[in-house]
Amino acid sequence: MPVLEKELGVQQVEQYIDGVFDKVKKRNPEETEFHQAVKEVLESLKPVLNKKPVYMEKGIVESIVEPERLITFRVPWIDENGNLQVNRGFRVQFNSAIGPYKGGLRFHPSVNASIIKFLGFEQIFKNSLTGQPIGAGKGGSDFDPKGKTDLEIMRFCQSFMTELSKHIGPDTDVPAGDIGVGAREIGYMFGQYKKMRSAYEAGVLTGKGIHYGGSLGRKEATGYGTVYFVNEMLKDNGASFNNSAVVVSGSGNVSIYAMEKAQELGAKIVACSDSSGYIYDPNGINLDTVKRLKELENQRISEYVKAHPLATFHDKFSEIWSIPCDIALPCATQNELDKEAADILVQNGVKAIGEGANMPCTQDAIEVLIDHRILFAPAKAANAGGVAVSALEMAQNSARLSWPLTEVDLKLQAIMKEIYRESKKASHEYDAAGNLVIGANIAGFVKVADAMISQGVI
Ligand code: NDP
Ligand code: 2IT
């Protein structure tokens, strides 16, 4: 292409992207997390739009940032004292170009339209990267599970599902867990859905208990998958988990199984956290204790030091990143690792970061890490193992089969390797020199965009 024509093309793309982003901000005022997620993707799509203007001409970019549907609803329930409580429920059905809407449910007091839309938007590209036939959705509620009795959790889940059941189904929209939603909540919601439909539609939810249609390996999949992905990235750069010091934030589902797999690969986990603070254990975190506290007893992480007197508890959650480490895995929540934390990690000689949580690093933190050539595994690629195994759970439910754990785990390993390979390939194809943020966004986008073009204006 002649130089002038190429420059005009670049300018046109810049203007187009600016225009789409302005519209997103105007249409979704004050939804800062959603803006942040959209901005990152739009910026990384520029090289694709330069090479393939058809995505602009067909209006794919302005379509992909607009959810197909956003449902909000009232969730009334009665607490232990007989008082009425009213929460707000959400489901965003973002994109169904390559399969039924698929994505988790989050129960946390911070949940609002911005959080649900950012998560649903990320899911488009993540789900596409898995190579599985799944579209993108996300949902949840501002319900706070902390301090609630089991009965209150059940009542809330039932009320939430009474409304949500009108909008989901094994071929339309398949929710799963996320923050505050694990096997217990999925069980109560599945029970209510089954009662309302008078039918056993096992594939309507994933992350179910193994005894009623869940997949072996789903519980571990996000954490293991993150470590498999980071391991690929390390191997590709002549490094490994073996003998490395690792800091993992959070102590929930993703965090626990990331720690487990990293330990299996020879790493020493020196710190983990919950929202009340972090623990540092110079001997390496004892996972049996963390599992007992978190999976069985619903305790705070500070209790860990009672069983391990050499360990210390610090009540500032965000200061976990000041612990020197070779590899950092943020596995708690969005924007938990900011520029200041990234600066400290770099000063302390960190070699790699793997995002187990969704959007855990702020944009300026990512810039610091990339500028310093720290190996960086972005969330959409690194934490895709969870939803990938959810898709395998759907496949098993459709076939009325249950695969052995080794089969699921081998499939997960192959999927994570392939996501790494594809993300890296796309980054080189579009002149981003191994930048996996750009590579993953592009590789995820292209499949969905092509499907959208094939299906016409709908
Ligand atoms: P869990 O509820 O099991 O655990 C969340 C952990 O993060 C807890 O330790 C929690 O502490 C901590 N945390 C949550 N919110 C905050 C906050 N605002 N500030 C500080 N700490 C916080 O959730 P998951 O492990 O399932 O999810 C963790 C992350 O991984 C989320 O970003 C989620 O979207 C993402 N993810 C999850 C997948 C899955 O399969 N579950 C798949 C892909 C991504 P506390 O208990 O004190 O609240
Ligand atoms: O963010 C995510 O990918 C999840 N919470 C898992 C979604 C799923 O459908 O398994």
Side-chain angles (χ1 to χ4, degrees), residues 33 99-111 115-116 118-127 129-130 132 134-140 144-147 168 173-186 203-208 214-215 217-226 229 248-259 272-279 290 293-295 298-302 316-318 320 329-337 354-361 379-394:
E33 293 85 2
Y101 309 109
K102 181 82 196 88
L105 297 170
R106 177 177 291 193
F107 293 169
H108 192 272
S110 63
V111 163
I115 298 283
I116 295 300
F118 114 67
L119 290 164
F121 184 69
E122 299 268 295
Q123 212 81 39
I124 301 174
F125 309 93
K126 181 197 311 196
N127 293 7
L129 281 170
T130 67
Q132 304 292 309
I134 41 178
K138 199 86 191 189
D144 186 357
K146 281 205 186 74
I168 63 174
D173 185 354
V174 181
D178 194 84
I179 291 178
V181 178
R184 173 178 62 165
E185 292 72 22
I186 294 290
V204 69
L205 290 169
T206 61
K208 298 181 292 295
S215 175
R218 173 61 188 90
K219 182 176 69 172
E220 297 85 353
T222 311
Y224 280 17
T226 300
F229 187 93
V248 184
S249 62
S251 48
N253 174 261
V254 179
S255 177
I256 286 176
Y257 293 96
M259 292 195 268
C272 71
S273 61
D274 64 17
S275 59
S276 55
Y278 73 91
I279 49 166
V290 176
L293 292 173
K294 290 296 176 178
E295 293 189 328
N298 219 353
Q299 296 264 19
R300 300 280 75 206
I301 201 68
S302 52
K316 292 260 174 344
F317 162 80
S318 59
I320 192 172
L329 304 177
C331 292
T333 194
Q334 66 276 351
N335 293 328
E336 56 164 309
L337 197 163
E355 294 190 310
N358 284 310
M359 206 167 76
C361 297
K380 294 184 199 82
N383 75 31
V387 76
V389 174
S390 276
L392 302 182
E393 183 170 328
M394 290 163 71

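All figures in this text were calculated on a predicted structure; none of them were measured in a lab. Whatever order the structure lists them in is the order used to number ligands and atoms, beginning at 1.
Protein heavy atom nearest atom 27 (O) of ligand 1, with residue, atom name and distance: I179 CG1, 3.7 Å. Regarding atom 9 (O) of ligand 2, its nearest protein heavy-atom neighbour is K102 NZ, 2.6 Å. Atom 22 (C) of ligand 1 has its closest protein heavy atom at S275 CB, 3.9 Å. The closest protein non-hydrogen atom to atom 7 (C) of ligand 2 is G104 N, 3.5 Å. For atom 4 (O) of ligand 1, the closest non-hydrogen atom of the protein is G252 CA, 3.3 Å. In terms of protein heavy-atom proximity, atom 4 (C) of ligand 2 is nearest to K138 NZ, 3.7 Å.
The option with the heavy atom closest to atom 40 (O) of ligand 1, from among T222, T206, V181, N298, is T222. With distances taken over non-hydrogen atoms, the option nearest atom 41 (N) of ligand 1 out of N253, T333, V389 is N253. When G386, A332, G223, S110 are ranked by how near their heavy atoms come to atom 29 (C) of ligand 1, first place goes to A332.
Each of the following atoms of ligand 1 lies closer than 4.0 Å to a heavy atom of D274: 9 (O), 11 (O), 47 (O). Interface of K146 with ligand 1, defined as ligand atoms under 4.0 Å from a residue heavy atom, comprises 45 (P), 47 (O), 48 (O). Which parts of ligand 1 touch S251 is read off a 4.0 Å heavy-atom cut-off, strictly below it: atoms 9 (O). Contact atoms of ligand 1 toward R106: 31 (C), 32 (O), 33 (C), 34 (O) (distance under 4.0 Å to a heavy atom of the residue). Residue H108 has at least one heavy-atom neighbour below 4.0 Å for each of these atoms of ligand 1: 15 (N). Atoms of ligand 1 found under 4.0 Å from any heavy atom of R300 (numbered from 1 in listed order, with element): 45 (P), 46 (O), 47 (O). Heavy-atom proximity to C331, at under 4.0 Å, picks out these atoms of ligand 1: 28 (C), 29 (C). The K126 neighbourhood of ligand 2 comprises atoms 1 (O), 2 (C), 3 (O), with distances under 4.0 Å to a heavy atom of that residue.
With a 4.0 Å cut-off on non-hydrogen atoms, N358 touches ligand 2 through its side chain and not its backbone.
By the 3.5 Å distance cut-off applied to N or O atoms, N383 is not counted among the residues near ligand 1. By the 3.5 Å distance cut-off applied to N or O atoms, G250 is not counted among the residues near ligand 1. Between K126 and ligand 1, no N or O atom pair is found at a separation short of 3.5 Å. An N or O contact shorter than 3.5 Å links S390 to ligand 2 by distance. Looking at N358 next to ligand 1, an N or O pair under 3.5 Å apart turns up. Checked by distance only, ligand 1 and V254 come closer than 3.5 Å through their nitrogen or oxygen atoms. For ligand 1, the polar-atom distance check finds no N/O of K294 at less than 3.5 Å from any of the ligand's N/O atoms. Annotation: G177 places an N or O atom under 3.5 Å from an N or O atom of ligand 2; distance criterion only.
Ligand 2 is approached by R218 to a heavy-atom distance shorter than 4.0 Å. Not a single heavy atom of E336 sits less than 4.0 Å from an atom of ligand 1. Using a non-hydrogen distance threshold of 4.0 Å, Q334 does not register as a contact of ligand 1. Heavy-atom separations between M359 and ligand 1 are all 4.0 Å or longer.
Side chain of Q123 to main chain of A136: no donor-acceptor pair is present (N/O by atom type, distance under 3.5 Å, no hydrogens or angles). Distance alone, capped at 3.5 Å, places no donor-acceptor pair between the E355 side chain and the N383 backbone. Judged by distance alone, with hydrogens and angles left aside, the side-chain atoms of S249 form a donor-acceptor pair with the main-chain N or O of C331 at under 3.5 Å. Although no hydrogens or angles enter the test, the distance criterion places no donor-acceptor pair under 3.5 Å between the side chain of K138 and the main chain of L105. Within the 3.5 Å criterion, the main-chain N or O of G137 finds no donor-acceptor partner in the side chain of D173. With K380 contributing its side chain and E122 its backbone, the two residues share no donor-acceptor pair below 3.5 Å. The backbone N or O of G250 sits less than 3.5 Å from a side-chain atom of S255, completing a donor-acceptor pair. At least one donor-acceptor pair closer than 3.5 Å links the side chain of N253 to the backbone N or O of K219. Looking at E185, its side chain does come within 3.5 Å of a backbone N or O of G182 through a donor-acceptor pair. D144 places no side-chain N or O within donor-acceptor distance of the main-chain N or O of P109, the cut-off being under 3.5 Å.
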